Amino acid sequence: MSNITVCVRFRPLSLKEKRVHGDSVCIMCSDAESFVFKDEKEEDLPFCFDRVFYQDSAQADVYEFLALPIVQDTVKGLNGTIITYGQTGAGKTYSMEGLGILDCDENKKGLLPRVVDGIFECIKSSPEHSNCTVKLSMVEIYMEKVRDLFDLSKDNIQIKENKSQGIMLSGTTEMSILNPAEALKFLFRGISNRAVGETQMNVSSSRSHCVYMFSIQQESALDKRVKSGKLILVDLAGSEKVEKTGAEGRVLEEAKNINKSLSSLGNVINALTNGRGNHIPYRDSKLTRILQDSLGGNSRTALLCCCSPSSSNASESLSTLRFGTRTKLIKTPPRTNTRDANEGKDFLLQVTDNQTEGNSFEITSNDVREDLQVTGDQSLIDSRDRILTKLRENLNEDDVRLLEELFILEGIFFDPSNMEEFDLECDDVICRTISALEQAVLELRDEVEELNRENDNLKSELAIGRQRSLTSIAEAKKSYHFAWVISIISLLNSLIWFLSMFFLHKHKV
Ligand SMILES: Nc1ncnc2c1ncn2[C@@H]1O[C@H](COP(=O)(O)OP(=O)(O)OP(=O)(O)O)[C@@H](O)[C@H]1O
């Protein structure tokens, strides 16, 4: 079991912060892993993380500690994720890209260009590097829609789930990249298409969550096994207090969407760490759905919490630090993704081929079938009705009506092959439905467990009762034999008495 690596980075005070609030900072450095934070009430709060990067930290140090081990693992076939999180203007994009993705200043290069270099260096030193492909796709989540940054006409990409490959973005444009220079060119193109706007905290503020996905495949020349690693970098949009930033109109709408998806991320992390093993609300937002594998599944993940050191931003920085502390409690065990070469080719087809969209529902429908052990037609109908009842409890009326129109009245029972028929606009409803369905399955599973427990109790009570009855029957048999013996003895006694009387009478004693 490996933890998510959580690091904190404080950027230098900005000119504006210095001008308006002076040099006052809210942190006192203890060492490379810990510091003391002074909150708004001037109370000292100690914090400890995997690594703390202070104001004068170098971009190269952040890359080497946080990203390089993940890059190396991705080339070996593990999935990896690197996320930058923090208040707007806290330094997420600077950490991710540097001053600009094509900026030539070696010291200021961010994680992305270094990751690209790292991927190709690791491939070069790998023994299987001759049969290797690297692909890049880029999407942004803007106002709860996933947009392809390489093809802006694809502005509502669907998030799908496949049993073997996990979460996939169906139909996104994938660029094959042969060297770092080519990768930078594509990154520049995608980044230029991002939604950026001016806020009071940042003149060039990212108004969307940006997701960079590198997929690396290597086919072994020896045994033809394919190793595939997926490396996801996420530059989150910054959280902001709208009352503080004075956002209005479109900027306010954007801020509301950003804050909503970040709060869904917080809810997922709380659910993953509260130790109750309950339902994880991944489907509450596009962001959490895309990060599902990274947070709760098959990925080695690092989180960089970016903060302003200024006392004027203490409350925002404190909330970022608390988010980081909570995330540190998640455990994710990464697995190597290896399969046969032919299987690997199928995967490549699946990612690019829209015809396979239906596969996304495979897990849910199979799980439901397995969970309910549906075998015959009648039990299938019974199970469907029970699930529908549960769904009705968890969905609003409109969703249930649409759901019925979509596939229940048609007699379709979550059959993946029928999924293509659905209007893509209904995807949100389907997502909520599947979420509710998962909840229903969990509840039904609890019910089944409860019934099994009751069944076990009844069985043991029955066994005790049976044992008692057997003992009673044995005792009754004993008493019955005893009664027989006593009766025979009494009969013999009577006979003796009768014969004695007869003898006495006959001889006139
Ligand atoms: N470590 C750093 N060293 C020097 N300058 C930095 C550092 N971090 C951030 N900056 C500067 O601070 C400003 C805001 O940073 P950046 O745009 O990265 O913030 P952000 O967290 O991405 O904000 P938003 O969420 O609004 O996009 C930029 O001008 C950036 O160059």
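Side chains included, hydrogens not; waters and symmetry mates left out as well; all remaining heavy atoms used. Remember, it's 1-based here, ligands and their atoms both numbered in the order they're listed. Keep in mind that what you see is a predicted model, and the values were worked out from it rather than measured.
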Residue pairs involving residues 55-74 (criterion ring-ring contact (aromatic ring centres under 6.0 Å, His included); sequence neighbours excluded): none
For Arg9, which part has a heavy atom under 4.0 Å from ligand 1: side chain, backbone, both, or neither? side chain
At under 4.0 Å between heavy atoms, what of Pro12 touches ligand 1? The answer is side chain
For Arg11, is there an ion pair with Glu17 - N to carboxylate O distance below 4.0 angstrom? yes
When only distance counts, is Lys92 in polar contact with ligand 1, meaning an N/O pair under 3.5 Å? yes
Would you say Thr93 and ligand 1 have an N/O pair spaced under 3.5 Å apart? yes
Decide whether an N or O pair under 3.5 Å exists between Gly89 and ligand 1. yes
Look at the rings of Phe150 and Phe186 and say which category their plane angle falls in: under 30° parallel, 30 to 60° tilted, over 60° perpendicular. perpendicular
Proximal ligand 1 atoms for Ala90, defined as those under 4.0 Å from one of its heavy atoms: 19 (O), 20 (P), 21 (O)
Any atoms of ligand 1 less than 4.0 Å from a non-hydrogen atom of Gln87? List them with their elements. 21 (O)
Would you mind running through ligand 1 and noting each atom that sits below 4.0 Å from a heavy atom of Gly238? 25 (O)
Does Arg300 pair with Asp73 as a salt bridge, N-O distance under 4.0 Å? yes
Return a yes/no value for Thr88: is any of its N or O atoms, backbone included, closer than 3.5 angstrom to an N or O of ligand 1? yes
Would you call Glu253-Lys256 a salt bridge at under 4.0 Å N-O? yes
Tell me whether the rings of Phe37 and Phe35 are parallel (<30°), tilted (30 to 60°) or perpendicular (>60°). perpendicular
State whether the shortest distance between N or O atoms of Gly91 and N or O atoms of ligand 1 falls below 3.5 angstrom. yes
Got a sec, which residues hit side chain to side chain contact (heavy atoms under 4.5 Å, CB included) with Cys307, two or more places apart in sequence or on another chain? Val8, Phe10, Ser317, Thr320, Leu321
